[in-house]
Amino acid sequence: MSQQEQTAPAGPEILAPAGDMPAALAAFAAGADAVYLGLKHFSARMQAENFSLTDLARLTDFAHTEGKRVYVAMNTLLKPGDLGAAFRLIRRLELDVHPDALILQDPGTAELARAAGFSGELHFSTLANVTHPKALEAVQALGGSRAILPRELTVDEVRQMDAACPSGMDLEIFVHGALCWCVSGRCWWSGYMGGKSGLRGRCVQPCRRVYTQKGKEGRFFSCMDLSLDALARLLLDLPRIRSWKIEGRKKGPHYVYYAVSAYRLLRDEGHEAAARKEALSILSMALGRPGTRSRFLPQKMFLPTTSPEKDGTTGSGFLAGKTGKGGSSKVEFRPRLDLLPKDYLRVGYEDEPWHCTVSIPKWVPKGAAFTLSLPRGKSPKPGTPVFLIDRKEPELLSLLEDRAKALMSLPEPKKSAEDTASQTGPSYARPGRVEGRSVEIRLRSSLPSGRGGKADVKSGAIQGLWLSPGALNAVSATLFGRISWWLPPVIWPDEEETWERHIHKALRDGARRFVCNTPWQAAFFGKKEGLELTAGPMCNVANGAALAALADLGFSAAVVAPELGEEDFLALPGQSPLTLGVVLSGFWPVGISRHSPDPLQDKDGFVSPKGEGFWYKRYGKNTWVYPDRPLDLSARRGALERAGYRVFVHMDEHPPRGVEVARTSEYNWEVGLL
């Protein structure tokens, strides 16, 4: 069956995660309409096993014979040196694999897909931060046929996005799976820990760690799993919600099979009470964390970090019990459920010294005493949680074996004779010296006392202000054109009209310089003449292809992603059609969330077990988390100017009195970004 002959499901597709081939086969066996998966490179789940091109081509052929679809995630931020490899990979996907869509975060990937002649759809990941209705217009302008919605939306906000979705586009929404505390695409926490960025698929999950504030200790940012379960039926009357997505590319086939089975039943028969009850029973066997609807119901919101279980455990997997007494590598354990042969257990959390995984050799009845034999040197303290993370049921293994035989019976996938090995793709080289005077921007959340919004004449700096009602009312209309107005990094659907009014007032009063902190905010300005639109640092721009895409959206300048290391910083101006800037100093956040970090207080800092300090502030509806060490690249300014940077941003922010700022940080300048 060709891609053109595939028929769409009657309702939204059930889209399943596939971290490896068995998980993909389990998804299709359970009735999934599509799977999403990654390759060995450019995937936001680099820790998953992922696929080779050969295996992917075979799976895609198999999927298409059954009328199913395959989406390939290339949803990482691309660095300057990645463009050639990313182009060749997309070209090879087009020639040999024929996936139905690419999932992407970086606008540069869309640019490369066009250049490579990719004929499938382009789906913009939740990491791309498409959070409000007008953003959909800009996504479509870059070739996007689908936007994947953030997990923080209420059902009313989902309805707003559905109503605003342009013709020719559709929407995808997460219905089940792990939650991040920070907004996707608005988390630099892992990157701050030493170059292992979540935007590059290498998140070390700092939100799952233990933090302490004045005697309070806990995993305050570790979330439960999203589980819309029976509430997903509220989405069935939204015509542009064409995909229900299940998270979990690091999960095994057991999880995938049961999660898909449950949501397929809820989609097809969710109007029947008996079917809903059966689906919930099936979902309970998927071995996930405790579930939450989080913010989905506006009249009944929950903090996703508040576990319904008394012990509050949010480790990966299903809580199977806790360790008892023991010594060395032999530990007493009484499971809360029957354990089957080959069940796979995780002991403790990944940041604990005794963390390990073990396989169960035999059947263990619920509540029976059993001795866990752990690897040498692993000796958990009594009361350590033990999680069931996968199981090998004979019936499911037999089903997967039959599917694998059917897959292997297909003809060998044909390979194109085209040689892509030496192809470099489009050139973004910008030879020649970058001319022009350097500009300083001092970005403040409010006007300094007595300054009246004037530029800092002594230092030559331009006043930068976060756009807000307070700032709009404090600035004299005669000075609006001299100020750099910064839009927030997240605009939610229920805020869009308010921000449109703020922008309209600023334009009416003479504002001409705006900094957008997602590429999609360009849609607020249309094709108005005389404006200077800059892509802010929270656009996460890090390559020439992305800069070319921003130019198409109407930007004339860009402040690049602060996570970059020295080599990438210095290479980027050579690829840029835009004037480039950099955050030179100040407090750069490690993450932005729509949730409150209860029970932590904003007047004091909090620390990790390794002594890493942080603090937070609430701005509007969002929480901004900051490290206690401000960014300072002042010593690198000469090198940056010689490379071609002309805009230098200083982010003025003031930590609480209870936070001591001991030193500054050069972020990833020396260690680089992996």
Side-chain angles (χ1 to χ4, degrees), residues 44 75-77 104-107 124-132 135 138-139 147-153 157 161 174 178-193 196-208 221 223 226 247 294-295 304-305 443 445 466-467 486-496 499 515-521 535-542 546 558-564 583 586-597 614-627 631 649 651 653 667-668 673:
N75 54 341
T76 61
L77 176 149
L104 52 96
Q105 166 197 172
D106 193 318
F124 277 79
S125 166
T126 187
L127 286 160
N129 204 237
V130 184
T131 62
H132 59 97
V139 169
I148 303 169
L149 298 179
R151 282 165 268 205
E152 292 83 2
L153 300 188
E157 291 173 323
M161 298 295 281
F174 284 91
L179 281 173
C180 297
W181 190 78
C182 290
V183 179
S184 291
R186 294 292 172 265
C187 184
W188 305 274
W189 207 329
S190 181
Y192 174 78
M193 300 299 191
K196 297 180 179 179
S197 172
L199 300 178
R200 295 276 293 173
R202 300 181 183 277
C203 183
V204 298
Q205 297 191 318
C207 59
R208 299 285 183 192
F221 306 96
C223 293
L226 176 68
E247 187 277 341
S294 189
R295 301 182 55 85
T305 52
L443 177 62
S445 56
W466 290 103
L467 190 61
W486 287 55
L487 273 66
V490 186
I491 293 175
W492 300 111
D494 64 348
E495 299 176 315
E496 185 175 83
W499 285 105
V515 178
C516 300
N517 273 293
T518 70
W520 328 121
Q521 291 171 356
M538 292 164 185
C539 290
N540 299 321
V541 178
V559 182
V560 305
E563 279 191 320
L564 296 179
V583 177
F587 280 101
W588 174 259
V590 295
I592 297 168
S593 175
R594 202 174 187 182
H595 309 301
S596 297
F614 303 90
W615 51 280
Y616 79 88
K617 276 191 176 181
R618 289 284 292 179
Y619 285 113
K621 297 183 178 181
N622 299 320
T623 301
W624 294 49
V625 178
Y626 294 90
L631 169 67
V649 178
M651 300 182 71
E653 189 57 79
Y667 211 169
N668 293 324
L673 183 64

Between [atom1] on residue [X] and [atom2] on residue [Y], distance to nearest 0.5 Å:
X	Y	atom1	atom2	answer
Leu467	Asn517	CG	CG	11.5 Å
Met538	Thr518	CE	OG1	11.5 Å
Asp106	Phe124	CG	CZ	9.0 Å
Lys196	Gln205	NZ	CD	12.5 Å
Tyr619	Glu653	OH	CD	3.0 Å
Ile592	Trp189	CD1	CH2	12.5 Å

Do the side chains of [Y] and [X] get nearer than 4.5 Å, heavy atoms only?
X	Y	value
Leu564	Asn668	no
Trp588	Tyr192	no
Pro537	Val649	no
Ser190	Ser197	no
Val490	Asn622	yes
Val590	Tyr626	no
Pro304	Arg151	no
Val130	Ile148	no

Counting only N and O atoms by type, is there a donor-acceptor contact under 3.5 Å from the side chain of [X] to the main-chain atoms of [Y]?
X	Y	result
Gln521	Pro488	yes
Trp615	Pro627	yes
Ser125	Leu104	no
Glu496	Pro493	no
Ser593	Trp181	yes

Exercise. Is there a side-chain contact (heavy atoms from CB on, under 4.5 Å) between Trp466 and Val515 once you walk through the steps?
Worked result: CA-CA 9 Å; Trp466 290 103; Val515 178; over 6 Å; no
Search all heavy atoms of [X] against all heavy atoms of [Y] and return the closest pair with its distance.
X	Y	value
Gly191	Glu563	CA-OE2, 3.4 Å
Cys182	Glu152	O-OE2, 3.8 Å
Pro150	Thr131	CG-CG2, 3.9 Å
Cys223	Cys180	SG-C, 4.1 Å
Cys539	Cys516	SG-O, 3.4 Å

Residue that, paired with [X], satisfies side chain to side chain contact (heavy atoms under 4.5 Å, CB included) out of [options]:
X	options	result
Gln105	Asn129, Thr126, Leu77	Leu77
Ser184	Leu199, Leu127, Asn75	Leu127
Val583	Val559, Val560, Leu443	Val559

Problem set entry | Intermediate values then yes/no, side-chain contact (heavy atoms from CB on, under 4.5 Å), Glu495 and Lys621 | CA-CA 10 Å; Glu495 299 176 315; Lys621 297 183 178 181; 3.5 Å; yes
For this session: Report the C-alpha separation of Arg200 and Thr76 in whole Å, then their side-chain angles, then the decisive distance to 0.1 Å, and conclude whether the side-chain hydrogen bond (donor to acceptor under 3.5 Å, both in side chains) test is met.
Result: CA-CA 5 Å; Arg200 295 276 293 173; Thr76 61; 4.9 Å; no
Exercise. Under 4.0 Å between a Lys/Arg side-chain N and an Asp/Glu carboxylate O for Asp494 and Arg295?
Worked result: no
Problem set entry | Short N-O contact, Arg594 and Glu157, less than 4.0 angstrom |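 Yes, this pair counts.
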For this session: For the pair His595 and Thr623, evaluate side-chain contact (heavy atoms from CB on, under 4.5 Å) and give the outcome as yes or no after the intermediate values.
Result: CA-CA 7 Å; His595 309 301; Thr623 301; 6.0 Å; no
Exercise. When the ring centroid of Trp188 is compared with that of Trp624, is the distance short of 6.0 Å?
Worked result: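 Between Trp188 and Trp624, the centre distance exceeds or equals 6.0 Å.
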Problem set entry | Phe174 vs Leu226, side-chain contact (heavy atoms from CB on, under 4.5 Å): CA-CA, chis, key distance, verdict | CA-CA 8 Å; Phe174 284 91; Leu226 176 68; 4.0 Å; yes
